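The sequence lines fix the lettering, A, B, ..., with proteins before strands; numbering per chain opens at 1. Small disclaimer: the values here were computed from a predicted structure and weren't measured.
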Number of protein chains: 2
Amino acid sequence: MGADDKVYRLLNYKNLLNRLKSIGFVKVFSDNLADTLDISPSLVRKDFREFGIRGAQKGGYTIEAVLIKINEVLGIDKKHKIIIVGAGRIGQALMHFPGFRKEGIIVSAGFDTDPEKIDGQTDIPIFHIKELTDYIKKNNIKLAILTVPENAAMGCLDMMEVGGVKGILNFTSMNLKSLKVAINNVNIGNEIENLIFTITKK
Amino acid sequence: MGADDKVYRLLNYKNLLNRLKSIGFVKVFSDNLADTLDISPSLVRKDFREFGIRGAQKGGYTIEAVLIKINEVLGIDKKHKIIIVGAGRIGQALMHFPGFRKEGIIVSAGFDTDPEKIDGQTDIPIFHIKELTDYIKKNNIKLAILTVPENAAMGCLDMMEVGGVKGILNFTSMNLKSLKVAINNVNIGNEIENLIFTITKK
DNA sequence: AAAAATATGTTATTTTAGTAACATAATAAT
DNA sequence: ATTATTATGTTACTAAAATAACATATTTTT
Ligand SMILES: NC(=O)c1ccc[n+]([C@@H]2O[C@H](COP(=O)([O-])OP(=O)(O)OC[C@H]3O[C@@H](n4cnc5c(N)ncnc54)[C@H](O)[C@@H]3O)[C@@H](O)[C@H]2O)c1
Ligand SMILES: NC(=O)c1ccc[n+]([C@@H]2O[C@H](COP(=O)([O-])OP(=O)(O)OC[C@H]3O[C@@H](n4cnc5c(N)ncnc54)[C@H](O)[C@@H]3O)[C@@H](O)[C@H]2O)c1
């Protein structure tokens, strides 16, 4: 998890700083961030230094400046199009999740095999899966969410690789691997089982 | 993430072994597991030893025996009831997710404020949120999935604490903390942003 | 203006996680 | 039967991540 851990930590900083900002805070100290995130203040400072975020020797860090820098480092200062492959229950839940838009993530289309689900007229159009590769190429799509049944996962991965997708958030329990595409697995069953372990063994 | 990492690794072993078993495999070597999970064989052996899983000096590990032991260690050899607080888009997607049942996770009820959603007659009943604490106590519920809007998250957490819930899988972007309850956050926005970082910076 | 206080920036230390190495035991080959 | 092979079990080592410590710069106080 090495380098990834640091990214998640930056995202935690970002989310917390956004919250503090919305309350009206302007500056923040490494101690504040460390306390709420359960890490040491020196780690906060080390992280910030690594990304060229500098504070004042006494006055702490300016929230706005840190946020700008973190967004720049994470690459989320720009808009990013994403497609959803499999417009079933979670697929559609994600499709209309308002939380994405305010982070600059734009769901541009969905794909499915079921003719009942296909509809090019809706705000977010749902196309037939056979148009997937073409759509990716034509619209220069780099990101996808995969929410098809497990047995369809590999086939969809192939099509996305051909189209030129670079990152996939995989919700199927199929543990996909690829040399061409970065795959991030979200396994909700695992999360619950991890919780079961915690409450029974700790 | 210390001890947690090991649990996720055990879950990876479990999922992979189940898959191998379904293909007809009976035995497996630490090298096989290591290769597909991108870890070293010695780590596999170390993990297994730590949990009292023993193999044969030459013949590797018996899949069935390892699975039984892992399930025992994880506490998922028993059935676990879980409730879903917030029967909206993701709440309902999760409610009817067939993947849970085969892992022994039983969704026993949902809760919501919207009168339109409340219905005690469906296979999985949806009750009004005011019945939450009572329901948890009467049915000895220890696990919950939280899928309410962000601004309702804290209030629901309080009720669940009072009821006696011990573990919560939190889908809201509110970063909840509690001394009484183990909380596992699933932040889908973060997962996508992590992916954006990966494809732009690596 | 000088002294005290305080939070950063940075280095040193500790802790933890993961890998490599190898001796041991079991199996297979001759 | 004896030898060679092979994969485990375990210890030693390496790498990396996080913390602790402290010197430095800035601000506040007197
Ligand atoms: N629902 C959940 O809460 C949940 C939770 C965790 C994981 N998952 C996983 O997410 C995936 C989807 O789950 P769901 O509950 O939304 O299922 P679903 O059946 O509601 O949706 C799957 C959709 O994929 C479509 N589809 C089937 N084959 C396809 C193909 N080859 N190409 C494109 N589309 C295709 C179907 O028509 C359907 O609309 C599954 O792999 C499931 O294991 C679901
Ligand atoms: N939809 C997604 O794909 C998605 C993805 C990531 C995170 N989330 C998060 O999950 C949560 C739910 O998202 P959603 O898309 O399902 O929203 P939604 O609006 O569809 O569902 C929320 C449900 O909670 C109910 N509710 C409101 N106040 C309540 C209360 N006090 N007690 C009980 N129920 C209450 C509403 O009636 C509604 O049915 C949000 O916090 C959202 O940020 C959603």
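- A:Y61 comes within contact range of the sugar-phosphate backbone alone, with a heavy-atom separation under 4.0 Å but no base atom that close.
- Of the charged side-chain nitrogens involved, none lies within less than 4.0 Å of a carboxylate oxygen, so that B:E50 and B:R45 do not count as a salt-bridged pair.
- The side chain of B:S40 sits closest to C:dT19 out of C:dT11, D:dT8, C:dT19.
- Remark: B:R19 engages A:E150 in a salt bridge, criterion side-chain N to carboxylate O under 4.0 Å.
- For the pair B:L43 and A:K58, both in contact range of DNA chain C, the more 5′-proximal nearest nucleotide belongs to A:K58.
- Distance, A:N32 CG to C:dA7 P: 9 Å, rounded to whole Å.
- One atom, CG of A:L37, and another, P of D:dT19, lie 12 Å apart when rounded to the nearest Å.
- When the side-chain nitrogen and oxygen atoms of A:S30 are compared with OP1 and OP2 of C:dT8, one or more of them lie within a distance under 4.0 Å.
- Here C:dT11 presents its C1' atom at 12 Å from CZ of A:R45, a figure rounded to the nearest Å.
- In this structure, A:F51 atom CZ and C:dG9 atom C1' are separated by 16 Å, rounded to whole Å.
- Put simply, the side chain of B:K46 and the base of C:dT19 share a donor and an acceptor less than 3.5 Å apart.
- Between the NZ atom of B:K6 and the P atom of C:dT16 there is a distance of 11 Å, given to the nearest Å.
- At whole-Å resolution of the value, CD in A:E50 and P in C:dG9 are 14 Å apart.
- None of B:F48, B:F29, B:F51 except one satisfies the ring-ring contact (aromatic ring centres under 6.0 Å, His included) rule with B:Y61; the exception is B:F48.
- Put simply, the side chain of A:S42 and the base of D:dA20 share a donor and an acceptor less than 3.5 Å apart.
- Looking at B:Y8 and A:N194, their side chains do bring a donor and an acceptor atom within 3.5 Å of each other.
- In this structure, NZ of A:K27 is placed 10 Å from C1' of D:dT27, rounded to the nearest angstrom.
- Listed pair A:R9 / D:dA18 meets the phosphate criterion, a side-chain N or O lying under 4.0 Å from OP1 or OP2.
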